[in-house]
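Some notes on the structure that comes next.
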Number of protein chains: 2
Amino acid sequence: MQIRLKNRKEQIVSLALDLLQTRGFENFSYQDLSRELGITKASIHHHFPKKEDLGIALCHAIEVWHEREFSKTRNHPGSTIEKLDCYVNGCLRYACGDKKICPLSSLQADIGTLPEAMRPALKRLDDHELDFIAELLEQGQQSGELKFAGPVRSQAILFVLACKGALQYSRVHGRQIFDDTMNQMKTLLIA
Amino acid sequence: MQIRLKNRKEQIVSLALDLLQTRGFENFSYQDLSRELGITKASIHHHFPKKEDLGIALCHAIEVWHEREFSKTRNHPGSTIEKLDCYVNGCLRYACGDKKICPLSSLQADIGTLPEAMRPALKRLDDHELDFIAELLEQGQQSGELKFAGPVRSQAILFVLACKGALQYSRVHGRQIFDDTMNQMKTLLIA
DNA sequence: GTCTATAAATGGATAGAC
DNA sequence: GTCTATCCATTTATAGAC
């Protein structure tokens with residue numbers, strides 16, 4: 001019902017995002033989109049003339065998703081650990097049934113063949129996410145909840161890496177490996 | 001000179017491994033191989049009738065590489081930290097010029113479209129690598145060099161994840177992020 | 001906005017000559 | 001083992017009618 005209300009452009013981006021996370025940018029086609037949406041390839045080219053245009057739209061969709069998720073996490077009541085859990089659950093939300101990975105991981109994997117125009121957007125999105133996690137970790141450190149040595153920024157990348165990597169491994173080894181990895185990360189940060 | 005001595009099959013696998021690490025399994029073609037080797041596509045099909053066959057050969061090449069690298073690391077004189085550095089340098093070796101990632105990361109990213117026959121091989125290689133790192137970490141823990149809470153296996157996956165993830169990020173953000181991440185990982189394990 | 005039709009290029013794969 | 005030639009499906013993309 002809710003999906004029907006979305007306009008075509010949003011429908012296309014939404015489905016493309018799904019395929020990006022399960023197959024990668026170079027491994028889904030306008031044909032895949034047209035089949036699942038029940039319209040022709042030409043119609044999709046009407047909305048996104050080149051695949052690069054669709055790619056840019058995907059980056060924008062990820063940015064919007066980031067804003068919403070980050071804001072939700074910032075406003076989440078409770079400790080830093082609970083906020084981090086909130087972010088991790090956001091990670092998990094894209095991993096329905098161990099099939100999806102982080103869309104940014106997917107784009108990174110395809111960096112060698114990605115349209116040029118998408119690269120700056122990808123870098124920007126990565127940085128934005130790292131800034132956000134660094135902010136959270138710093139709060140936790142100052143409140144005495146988290147204990148870790150070394151630069152906050154380095155710890156942030158390690159944390160984000162763990163989430164995304166665990167998601168990738170889950171597709172091959174099952175969901176348990178995700179929980180194990182996240183628990184270990186928390187153990188290191190609290191101990 | 002040394003390359004000239006290799007037979008065709010090895011030349012093909014060697015080049016394919018390179019392309020796997022820079023572009024991904026689904027994003028290089030027999031045409032790419034033929035162009036760079038100066039022989040026709042048909043000749044490559046003679047050695048590897050289906051791309052799946054080439055994929056299996058790639059998995060085997062990675063296994064051989066693992067054996068060599070793990071053995072070198074086990075025999076590396078010195079502390080556990082120095083052995084881990086040896087493994088990390090092995091990681092770096094495939095990242096000439098920030099362009100290559102771990103071949104297993106690359107295969108994981110393409111898991112959605114990978115030929116069925118390659119999946120068990122991929123899982124086996126992942127497990128083999130995790131077992132090896134867990135062995136190293138446990139030695140370090142018992143000798144008192146490393147201090148970390150939680151299951152060794154979980155710490156092993158976290159360590160491997162950090163190496164591979166940092167390699168992926170390096171392609172987008174530059175090599176510095178790799179060193180920063182590895183230093184942070186060491187900081188957490190020693191502190 | 002959606003369709004039919006079509007183009008041009010590419011990718012995986014095979015047959016058969018040398 | 002390598003080649004030429006060819007096949008068929010797919011992919012990105014465009015033109016033009018409705």
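Treat the numbers as computed from the prediction; the structure is a model and nothing was measured. Quick note on labels: first sequence line is chain A, next is B, and so on, each numbered from 1.
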Within this structure, what is the [atom1]-to-[atom2] distance between [X] and [N], rounded to whole angstrom?
X	N	atom1	atom2	result
B:Glu26	D:dA9	CD	P	19 Å
A:His46	C:dT4	NE2	P	16 Å
A:Leu54	D:dT11	CG	P	15 Å
B:His45	D:dT6	NE2	C1'	13 Å
B:Asn7	D:dT2	CG	C1'	15 Å
A:Ile44	C:dT2	CD1	P	10 Å
B:Asp32	C:dT10	CG	C1'	10 Å
A:Ile39	C:dT4	CD1	P	12 Å

Phosphate OP1/OP2 of [N]: any [X] side-chain N/O under 4.0 Å:
X	N	result
B:His47	D:dT2	yes
A:Gln31	D:dT11	yes
B:Ser43	D:dG1	no

Base, sugar-phosphate or nothing for [X]? Non-hydrogen atoms, less than 4.0 Å.
X	answer
A:Lys41	base
B:Ser29	sugar-phosphate
B:Phe48	nothing

Nucleotide of D:dT12, C:dG12, C:dT2 approaching A:Lys51 most closely (side-chain heavy atoms):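 The listed nucleotide nearest to A:Lys51's side chain is D:dT12.
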
Residue B:Tyr30, side-chain atoms from C-beta onward, closest of D:dT12, C:dG12, D:dC3: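 Shortest atom-to-atom distance from the side chain points to C:dG12.
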
Charged N to carboxylate O below 4.0 Å: is that the case for [X] and [Y]?
X	Y	value
B:Arg23	A:Glu26	no
B:Asp127	B:Arg153	yes
A:Asp98	A:Arg175	yes

B:Val13 side chain near B:Phe48 side chain, heavy-atom distance below 4.5 Å: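 Answer yes - side chains close enough.
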
Sole candidate of A:Lys123, A:Arg124, A:Lys164 that passes salt bridge (charged side-chain N to carboxylate O under 4.0 Å, His left out) when paired with A:Glu129: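 Of A:Lys123, A:Arg124, A:Lys164, salt bridge (charged side-chain N to carboxylate O under 4.0 Å, His left out) with A:Glu129 is met by A:Lys164 alone.
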
5' precedence on DNA chain D between A:Phe25 and A:Ala42 (nearest-nucleotide basis):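 Between the two, 5'-proximity favours A:Phe25.
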
